[in-house]
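Both ligands and their constituent atoms are indexed starting at 1 by order of listing. Remember, it's a predicted structure, so these values are computed and weren't measured experimentally.
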Amino acid sequence: MRLDVVSIFPEYLAALDLSLVGKAAKSGLLDVRVHDLREWTYDRHRTVDDTPYGGGAGMVMKPEPWGEALDAVAPADGPSQPRLIVPTPAGRPFTQELAYELAAEPWLAFACGRYEGIDARVAAHAAERMRVDEVSIGDYVLNGGEVAVLVIVEAVARLLPGVIGNPESLSEESHSGDGLLEYPVYTKPPTWRGHAVPDVLLSGNHGLVAQWRHHESVRRTAERRPDLLAAWGAAVADKDDAVS
Ligand SMILES: N#Cc1c(-c2ccc3ccn(Cc4cccnc4)c3c2)n[nH]c1N
């Protein structure tokens, strides 16, 4: 998979050289290319923003540098086009389902906005030749898209074959598998600062362990994410109806 990231803070993306994503890049599983948007500015101050039409606070990122950056990263007459991901507070939710979808793409490009966002015509123009997804990583406000790109790239990269050691672990995680939150995990020592590991986990009885883990997943989901529990309950009911 090829990943292109365009930002006015390319150094923010240095984290992509570390850990799991860094290893994937070194092994050739990922081809990560980070670009400085200011490379496509030509004035003395390397200007990337201007005041918003219609008034209002803050500044908006100018379309011209973005248009030239995307032309350079993905030429219109090239053999293929990337799927363009534009993080924004106004985007559709980034979910594990979308992470799996993006993991199947051969080429992703990310546009990291700053200020009050990128001129809307940039996404509209790009959509004339590539698929464009405006996505949000959560209901809170950041100062720019770089952190969101780090989140999205990590969530996607770990799904690529060969990137994580034990792919089986993917199926039991929160937001994957059965849609419940993951059960609590423990390791040695059996007692630590007066806190003991639940006896069932030391029993060697795999059936009882599985039962306890499922119960803990349901308990946690009910406590922390009742919305997910409702969806899980409906899915179980649908499955029961299908087999009855
Ligand atoms: N994904 C995502 C995001 C962002 C986000 C992403 C890109 C940009 C580019 C600029 N800002 C600042 C800004 C602030 C207020 C209004 N509009 C823009 C961004 C915030 N915030 N929260 C998320 N979940």
Using the salt bridge (charged side-chain N to carboxylate O under 4.0 Å, His left out) rule, collect all pairs that involve residues 109-128, keeping only residues at least two apart or in two chains.
-> R114-E146, D119-R121

Which option, G145, G138, G58, owns the non-hydrogen atom nearest atom 24 (N) of ligand 1?
-> G138

Using a strict 4.0 Å cut-off to heavy atoms of I137, name the atoms of ligand 1 that fall inside it.
-> 1 (N), 2 (C), 24 (N)

Verify whether one side chain among D4 and W107 offers a donor that lies under 3.5 Å from an acceptor in the other.
-> yes

Output the list of atoms in ligand 1 that are nearer than 4.0 Å to some heavy atom of R114, sorted by atom number.
-> 9 (C), 10 (C)

Can Y115 be said to touch ligand 1, with heavy atoms closer than 4.0 Å?
-> yes

Is a salt bridge present between D133 and R92, judged by a nitrogen-to-oxygen distance below 4.0 Å?
-> yes

Closest to atom 20 (C) of ligand 1 (judged by heavy-atom distance), picking from D139, I152, L142 | L142

Out of A111, A90, P87, whose heavy atom sits nearest atom 6 (C) of ligand 1?
-> P87

Considering heavy atoms of the protein only, find what lies nearest to atom 5 (C) of ligand 1 and give residue, atom and distance to 0.1 Å.
-> P89 CD, 3.5 Å

Please verify whether a non-hydrogen atom of V135 lies at under 4.0 Å from ligand 1.
-> yes

Residue and atom name of the nearest protein heavy atom (relative to atom 15 (C) of ligand 1), distance in Å to one decimal = V141 CG1, 3.6 Å

Which residue owns the protein heavy atom closest to atom 23 (C) of ligand 1, what's the atom, and how far is it?
-> Y140 O, 3.4 Å

Which one holds for S136 and ligand 1: side chain close, backbone close, both close, or neither close, with close meaning a heavy atom under 4.0 Å?
-> both

M61: which of L37, V122, D50 passes side chain to side chain contact (heavy atoms under 4.5 Å, CB included) = L37

Which of the atoms in ligand 1, numbered in the order shown and given with their element, are less than 4.0 Å from a heavy-atom of N143?
-> 10 (C), 11 (N), 12 (C)

Could you tell me whether E216 and R220 make a salt bridge, using a distance below 4.0 angstrom between a side-chain N and a carboxylate O?
-> no

Hey, is E68 close enough to R38 for a salt bridge, meaning N to O under 4.0 Å?
-> no

Looking at the rings of W232 and H214, which for Trp means the six-membered one, are their centres under 6.0 Å apart?
-> yes

With a 4.0 Å cut-off, would you call R129 and D71 a salt bridge?
-> yes

